[in-house]
Amino acid sequence: MAKTVSFKRQIKNNLIALISIFIAISSLAYNTWRNEQTEYNRNIRTSSFEIIKSLAQLQLLVDYAHYDATDHDSIKGWSHVLYIRDLTTAMSEPSQESAQQLFAVWQRHFSNVETEKQSIEAITVAITDCREQVLLELRELK
């Protein structure tokens, strides 16, 4: 006659296997989370560096348009502003807002960059604010 083995006895007999399964599932979950976090950080880092480079190019374009009458084409700034705004879609809400603010300021002032100091100042402040927000987000990466 076959003996029925109690549930407690089965757990005791298979405790090592159960612990191994728990460890394997926990490790898989952590590894998946870590890979996703690493990919997120990589995306933010890459976007941030591209944004910072584009902000520097935009600032240079604005400075040339205002201070060097021989070399200016403020219409080129649109490509930088749009590129910056597009890249921030992968970033936090505050970064997106600062890029949108830069876009709005550029839209309002780009045509007066060569003639009005007020326009240069407004654009420079928006560039600085965007740069500071992107750098803040870079510093906060885990």
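Along the sequence shown, residues are numbered consecutively beginning with 1.
Nearest approach of Q133 to S92, heavy atoms of both residues: NE2-OG, 4.1 Å.
Placement of I51 and F49 within a single hydrophobic cluster is found when ILVMFWY residues are connected by side-chain heavy-atom separations under 4.5 Å, directly or transitively. Linking ILVMFWY side-chain heavy atoms closer than 4.5 Å, directly or via other members, places V62 and I75 in a single hydrophobic cluster. Both L141 and M91 belong to a common hydrophobic cluster when Ile, Leu, Val, Met, Phe, Trp and Tyr are linked at side-chain heavy-atom distances under 4.5 angstrom. Taking hydrophobic clusters as Ile, Leu, Val, Met, Phe, Trp and Tyr residues chained together by side-chain heavy-atom distances below 4.5 Å, L18 shares a cluster with F7. Residues V134 and V125 do not share a hydrophobic cluster, defined by chaining ILVMFWY side chains whose heavy atoms lie under 4.5 Å apart.
With hydrogens and angles disregarded, no donor-acceptor distance shorter than 3.5 Å links the side chain of S27 to the backbone of A24. N14 places a side-chain N or O within 3.5 Å of a backbone atom of Q10 that can act as its donor or acceptor partner. Between the S54 side chain and the E50 main chain, no donor and acceptor come within less than 3.5 Å of each other. S47 places no side-chain N or O within donor-acceptor distance of the main-chain N or O of I44, the cut-off being under 3.5 Å.
Aromatic ring pairs are classed by plane angle as parallel below 30°, tilted from 30° to 60° and perpendicular above 60°; the pair W106 and F110 is parallel.
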May I have the step-by-step check of side-chain contact (heavy atoms from CB on, under 4.5 Å) for L138 and I52, ending in yes or no? CA-CA 11 Å; L138 264 176; I52 290 168; 4.2 Å; yes

Show your working on side-chain contact (heavy atoms from CB on, under 4.5 Å) between T128 and E132 and close with a plain yes or no. CA-CA 6 Å; T128 302; E132 288 173 359; 3.5 Å; yes

Determine, step by step, whether S119 and R108 satisfy the side-chain contact (heavy atoms from CB on, under 4.5 Å) criterion, reporting the C-alpha distance in whole Å, the side-chain angles of both residues, the deciding distance to 0.1 Å, and the verdict. CA-CA 8 Å; S119 293; R108 241 184 343 266; over 6 Å; no

Go through the steps for C130 and Q101 under the test side-chain contact (heavy atoms from CB on, under 4.5 Å), then give the verdict. CA-CA 8 Å; C130 191; Q101 180 65 24; over 6 Å; no

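Atom CD of E140 is separated from atom CG of L135 by 11.5 Å, given to the nearest 0.5 angstrom. Residue T38 holds its OG1 atom at 8.5 Å from CZ of R45, rounded to the nearest 0.5 Å. Separating the NE2 atom in H80 from the CG atom in L60 is a distance of 8.5 Å, to the nearest 0.5 Å. Here the straight-line distance linking atom CG of D63 with atom CD1 of I120 works out to 6.5 Å at 0.5 Å rounding. Atom CG of D86 and atom OG1 of T88 lie 7.5 Å apart (nearest 0.5 Å).
Within a 6.0 Å sphere centred on CD of E39, heavy atoms belonging to other residues, nucleotides or ligands number more than 12. When the shell of 6.0 Å around CG of L15 is examined, it contains more than 12 heavy atoms from other residues, nucleotides or ligands.
At a threshold of 4.5 Å between non-hydrogen side-chain atoms, the residues L55 and L102 count as touching. Contact annotation: the side chain of F103 never approaches that of I84 to less than 4.5 Å [non-hydrogen atoms, C-beta and beyond]. With a 4.5 Å cut-off on side-chain heavy atoms, T46 and L87 do not count as touching.
A side-chain donor-acceptor contact under 3.5 Å links T124 and Q59. E137 and S95 are linked by a side-chain donor-acceptor pair at a separation below 3.5 angstrom, with hydrogens and angles left out of the test.
Under the 6.0 Å cut-off for aromatic ring centres, Y83 and W78 do not qualify, their centroids lying 6.0 Å or more apart.
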